[in-house]
Amino acid sequence: MNFKSLLDNPTFINIASVFILFIIVYILVKISQKSATRLTKENTSKYKVRKLINFFGYLVFVIGVMFIYNSKLSGFGTAIGVAGAGIAFALQEIIVSIAGYIAIFSSNFYRVGDRVKLGGIKGDVIDIGILRTTLMEIGDWVNGDLYNGKMVRVANSFVFKEPVYNYSGDFPFLWDEITIPIKTNGDYKYAKELFTTVLEEEVGDFANLSQDSWNKMIGTYSIENARVKPMITMVFDENWITFTLRYVVDYKSRRGTKSILFDKILSAINDSKGRIEVASAAIEITAFPNK
């Protein structure tokens, strides 16, 4: 078979056309991504643009292949329609995942760098693919909001099936609480002042920053003006007085901030010279049963 006969072979022409189309689309995608990287300053925007260019590259390639084989496929329209329904049913998870990919970027469910809970997995988003979102997992066997080393890929279809929890979206702060029991004969007024001072010193800046973010949310959503400044409440019973310290903290600093607060509060209690003492459960035996 000589070269001229190959050029007259429709199958060879179609395969060659697909190969040339792939090369052209690949080059255009790479050039577009480099140009977009130079024009865009923010890393998040660069990532989104690269992903969108990739998606449109795939789309153009698929449409091009369909156009190349259009003359051959036209005679099998009915068969393709029936087969297409079966293929759509078999590939419904993939189709929904692609739809989820589009929804993630268009509806701002989450973006790279956000801390989310998706499909029962909690972690930081490190990549958003056409079919799956990759998370660097936190928690599981590790206590606290720390990485455990697992990278988990969750199908994008989960954005339609389950709630998406975003810990760092429009409001990148979390409310947290710690409880401190003190003895009922302690100076509770002094304790409240002491705990308030510790909170203001350690998390006061978080309160100021979070207030700005919360004000923006009020303008976007129908939401009340919640308190973001540190707050202390108190309850007591016959055993002890319990203080609850409520405060706002950056979503990535929750565990570290709590550790610092406990350290400062414990030091302050030790320096109070007995005015405040940590309460603990005790069992008092008043009598022994007769033998």
Side-chain angles (χ1 to χ4, degrees), residues 41-47 108-118 122-126 135-139 142-148 164-182 186-235 241-273 275-276 278:
K41 295 181 179 180
E42 296 183 0
N43 289 331
T44 303
S45 299
K46 289 180 181 179
Y47 178 84
N108 199 27
F109 277 94
Y110 52 82
R111 57 191 174 212
V112 173
D114 282 357
R115 177 160 293 178
V116 301
K117 183 178 180 181
L118 182 63
K122 185 163 66 173
D124 291 348
V125 179
I126 59 176
L135 303 178
M136 176 60 75
E137 189 182 24
I138 61 176
V142 176
N143 292 326
D145 301 331
L146 299 175
Y147 293 146
N148 60 28
V164 177
Y165 301 93
N166 194 327
Y167 299 90
S168 58
D170 298 324
F171 187 70
F173 299 91
L174 299 173
W175 275 275
D176 202 6
E177 294 182 350
I178 59 177
T179 57
I180 303 171
I182 68 169
D187 189 343
Y188 69 89
K189 291 184 178 180
Y190 172 72
K192 187 173 183 179
E193 293 176 0
L194 190 65
F195 298 157
T196 300
T197 300
V198 172
L199 281 181
E200 291 291 345
E201 290 177 354
E202 187 57 35
V203 298
D205 291 339
F206 286 139
N208 296 329
L209 293 172
S210 62
Q211 186 64 62
D212 295 335
S213 297
W214 192 259
N215 291 338
K216 293 178 182 178
M217 287 187 63
I218 293 175
T220 304
Y221 304 99
S222 177
I223 193 170
E224 67 177 14
N225 188 15
R227 173 170 176 160
V228 296
K229 292 184 178 180
M231 180 174 65
I232 298 178
T233 57
M234 180 186 76
V235 295
I241 301 170
T242 302
F243 286 94
T244 300
L245 284 60
R246 177 178 169 86
Y247 55 92
V248 170
V249 63
D250 183 271
Y251 74 97
K252 286 189 175 180
S253 306
R254 192 172 73 91
R255 189 180 190 186
T257 300
K258 181 174 285 189
S259 177
I260 294 173
L261 285 174
F262 273 126
D263 180 72
K264 290 188 174 182
I265 289 171
L266 188 59
S267 297
I269 291 174
N270 291 335
D271 294 339
S272 67
K273 298 179 180 179
R275 295 179 67 180
I276 309 171
V278 177

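Sequence positions, counted from 1, serve as the residue numbers for this chain.
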### Message
With side-chain contact (heavy atoms from CB on, under 4.5 Å) as the criterion, how do Asn225 and Gln211 come out once you've worked through the C-alpha distance, each side chain's angles and the decisive distance to 0.1 Å?
### Response
CA-CA 9 Å; Asn225 188 15; Gln211 186 64 62; 3.9 Å; yes

## Note on the structure
Between the CD atom in Glu201 and the CG atom in Leu261, the distance rounded to the nearest 0.5 Å is 10.5 Å

### Name of the residue among Asp176, Val203, Thr196, Ile178 meeting side chain to side chain contact (heavy atoms under 4.5 Å, CB included) with Leu245
Ile178

### Query
Side chain of Asp114, backbone of Arg111: donor and acceptor closer than 3.5 Å?
yes

### Task
Show your reasoning for whether side-chain contact (heavy atoms from CB on, under 4.5 Å) applies to Met234 and Lys192.
CA-CA 9 Å; Met234 180 186 76; Lys192 187 173 183 179; over 6 Å; no

### Query
Do Tyr251 and Asp145 have side-chain N/O donor and acceptor atoms under 3.5 Å apart?
no

### Query
If you take all heavy atoms of Leu199 and Arg246, which pair is closest and at what distance?
CD1-O, 4.4 Å

### Query
Tyr110 and Val125: which non-hydrogen atoms are nearest, and at how many Å?
CD1-CG2, 3.9 Å

### Task
Count the heavy atoms of every other residue, nucleotide or ligand shown that sit under 6.0 Å from CG of Asn270, and state whether that count exceeds 12.
yes

#### Entry: Minimum side-chain heavy-atom gap Phe206-Thr257 below 4.5 Å
yes

### Query
So how far is it from Glu177 CD to Tyr247 OH, rounded to the nearest 0.5 Å?
9.0 Å

### Message
For the backbone of Lys252 and the side chain of Asp250, can you confirm whether one donor and one acceptor N or O come within less than 3.5 Å of each other?
### Response
yes

### Query
Which pair of non-hydrogen atoms, one from Ala226 and one from Trp214, has the smallest distance, and what is that distance?
N-NE1, 3.1 Å

### Task
Rounded to the nearest 0.5 Å, what's the gap from CD1 on Ile241 to CD1 on Ile182? Could you check?
4.5 Å

### Summary
So CZ of Phe173 and OG of Ser213: to nearest 0.5 Å the spacing works out to 5.0 Å

### Query
Rounded to the nearest 0.5 Å, how far does CD1 of Ile138 lie from NZ of Lys117?
10.5 Å

### Message
Quick check against the 3.5 Å criterion: does Ser210 have a side-chain atom that pairs as donor or acceptor with the backbone of Ala207?
### Response
yes

### Query
What's the shortest heavy-atom distance between Tyr167 and Lys122, and which atoms?
OH-CD, 3.4 Å

### Message
Tell me the closest heavy-atom pair linking Ser168 and Gly113, and the distance in Å.
### Response
OG-O, 4.5 Å

### Atom NZ of Lys229 with >12 non-hydrogen neighbours under 6.0 angstrom
no

## Note on the structure
One should read off an interatomic distance between Asn148 CG and Met136 CE, to the nearest 0.5 angstrom, of 8.5 Å

### Check: Leu194 and Thr197 side chains under 4.5 Å, non-hydrogen atoms
no

### Task
Might you point out which heavy atoms bring Ile232 and Phe243 nearest each other, and give the distance in Å?
CG2-CD2, 3.7 Å

### Message
Using side-chain contact (heavy atoms from CB on, under 4.5 Å), reason through Asn166 and Phe109 one step at a time and then give a plain yes or no.
### Response
CA-CA 8 Å; Asn166 194 327; Phe109 277 94; over 6 Å; no

